Number of protein chains: 2
Amino acid sequence: MPLTAEAIQKLKEKMKGKGFKLTGPRRKILEYLAENDGHPSAQEIHAAIRQMLPGTGMATIYRTMDLLARLGLVRALVLNDNRLHYEIDRDGDHHHHLICTGCRRVEEFASCTFEHLIGDIESATRFVVKRHDLEAYGLCPDCAHKARCAGE
Amino acid sequence: MPLTAEAIQKLKEKMKGKGFKLTGPRRKILEYLAENDGHPSAQEIHAAIRQMLPGTGMATIYRTMDLLARLGLVRALVLNDNRLHYEIDRDGDHHHHLICTGCRRVEEFASCTFEHLIGDIESATRFVVKRHDLEAYGLCPDCAHKARCAGE
DNA sequence: AAATAAATGATAATCGGTCTCATTTACCTT
DNA sequence: AAGGTAAATGAGACCGATTATCATTTATTT
């Protein structure tokens with residue numbers, strides 16, 4: 001479910017509000033992320049942006065993603081394939097990722113009982129817990145089926 | 001709590017039992033990991049091994065850690081600092097990590113009530129979950145204190 | 001429209017990790 | 001205990017993702 005035009009507008013305004021220029025590449029990157037949900041890598045974003053704005057350099061993608069992450073508009077994901085992936089940070093939407101080690105498909109799942117444990121962990125360790133990442137790796141239904149058919 | 005000499009012996013035998021040679025570097029790496037608990041990166045392991053076995057190459061560290069991980073003697077950890085970290089896999093000891101974003105200190109915490117979440121995820125998504133990573137990020141007591149003193 | 005600071009594109013540099021290959025070594029076999 | 005053999009090592013080339021540099025361009029301010 002892509003973001004609405006108003007939501008996209010809000011992202012752009014948050015950017016300008018913090019004193020950052022709303023440039024061509026930044027505008028396109030925001031639109032791309034908002035209109036396609038998924039978990040693209042910098043390379044994938046670069047390829048997509050180049051279709052609309054040829055000549056956009058890789059460095060700009062990295063710089064912009066870093067900025068968006070610092071602004072809290074985007075989250076960086078470690079999916080264990082030696083590159084960072086990104087997703088729009090829909091506020092209030094807490095979820096985690098399930099990565100198929102067969103085909104690299106990424107699914108999201110919402111249920112997270114971890115929140116309930118944070119208090120216990122904090123009192124046991126005296127840490128102040130800010131955030132947490134949870135990724136589960138396994139086989140998607142298709143790949144699990146194929147694996148089963150291939151015997152063992 | 002470092003591993004006992006017998007436990008270290010067991011690791012070495014598991015290695016030989018699977019048909020892998022117990023070489024100098026491998027022996028030292030196992031001993032290092034067993035005697036120091038912590039979550040060292042390949043670079044840290046390399047530095048430590050070189051003190052005992054100068055001339056040990058970086059590639060050997062990577063190859064050995066990969067082997068140990070495949071044998072299930074060691075687990076690789078993603079602690080969000082662009083490099084893998086490793087820890088001895090004490091069998092039956094399921095825990096997760098709490099990373100201080102201030103000083104990079106890593107603490108462990110056990111997650112007892114967490115396991116059934118995996119079952120929920122499997123039935124909701126029809127994935128077969130093989131493994132999962134959970135890391136919590138925050139501030140350790142020291143860094144939290146410093147942050148508080150520095151005023152918000 | 002000009003001034004100015006920030007952002008960009010091109011490209012070099014860095015850095016974790018992998019690959020290659022000639023040499024060495026653990027561990028059979030005798 | 002020496003010798004044979006495949007596996008493991010060390011050195012260094014290589015790779016791919018990310019970061020840094022710097023001259024040029026551009027969004028905003030005046």
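Below, chains carry the letters A, B, ... as their sequence lines are ordered, and counting in each starts from 1. Owing to the predicted nature of the structure, the values given are computational and were not obtained by experimental measurement.
- Distance CG (B:Leu71) to P (D:dA8): 10 Å, rounded to an integer number of Å.
- When the C1' atom of D:dT18 is taken as reference, atom CG of A:Leu84 falls 9 Å away, rounded to whole Å.
- Under the 30°/60° scheme for interplanar angles, the aromatic rings of A:His132 and A:His96 are found to be tilted.
- A straight line from CG of A:Asn80 to C1' of D:dG16 spans 16 Å, rounded to a whole angstrom.
- Each of B:Ala42 and B:Thr23 was assigned the nucleotide of DNA chain C with the nearest heavy atom; the assignment lying further toward the 5' end belongs to B:Ala42.
- With D:dA17, C:dG17, C:dT8 as the choices, the nucleotide that has an atom nearest any side-chain atom of A:Gln43 turns out to be D:dA17.
- Comparing atom distances between the A:Arg26 side chain and each of C:dG17, C:dA7, C:dA10 picks out C:dA7 as nearest.
- Counting any heavy atom pair closer than 4.0 Å across all strands shown, B:Gly19 reaches no nucleic acid atom.
- Whole-Å rounding puts the A:His46 NE2 to D:dG16 P distance at 16 Å.
- Applying the salt bridge (Lys or Arg N to Asp or Glu O under 4.0 Å) test between B:Asp89 and each of B:Arg75, B:Arg131, B:Lys14 identifies B:Arg75 as the sole match.
- Between B:Arg50 and B:Asn82, the residue anchored closer to the 5' end of DNA chain D is B:Arg50, taking for each the nucleotide with the nearest heavy atom.
- Rounded to an integer number of Å, the gap from B:Phe20 CZ to D:dA8 P is 6 Å.
- Contact annotation: B:Tyr62 side-chain N/O to C:dT18 OP1/OP2 distance is not under 4.0 Å.
- Checking D:dA11, C:dT11, C:dC27 against every side-chain atom of B:Arg63, the shortest atom distance belongs to D:dA11.
- Between the OH atom of B:Tyr86 and the P atom of C:dG17 there is a distance of 6 Å, rounded to whole Å.
- The side chain of B:Arg83 approaches C:dG17 more closely than any other nucleotide in the set C:dA7, C:dG17, C:dC27.
- The side chain of B:Lys21 lies closest to C:dA26, out of C:dA26, C:dT8, C:dG17.
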| message | Run the salt bridge (Lys or Arg N to Asp or Glu O under 4.0 Å) test on A:Asp142 and A:Lys146 for me, step by step, so that the C-alpha distance in whole Å, both residues' side-chain angles and the decisive distance to 0.1 Å come before the verdict. | response | CA-CA 6 Å; A:Asp142 290 356; A:Lys146 273 177 207 145; 5.7 Å; no
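- Comparing C:dA7, C:dG9, D:dA8 by their closest approach to the side chain of A:Thr56 singles out C:dG9.
- Distance A:Leu53 CG to D:dA27 P: 11 Å, rounded to the nearest Å.
- A:Pro25 and A:Thr56 get closest at one heavy-atom pair: CB-CG2, 4.4 Å.
- For B:Thr60, taking side-chain heavy atoms from C-beta onward, the closest of the listed nucleotides D:dT9, C:dT18, D:dT18 is D:dT9.
- Summarising the geometry, the separation between CE on A:Met58 and P on D:dG16 is reported as 14 Å, rounded to the nearest angstrom.
- Taking 4.5 Å as the limit, every side-chain heavy atom of B:Asp81 sits out of range of all side-chain heavy atoms of B:Ile99.
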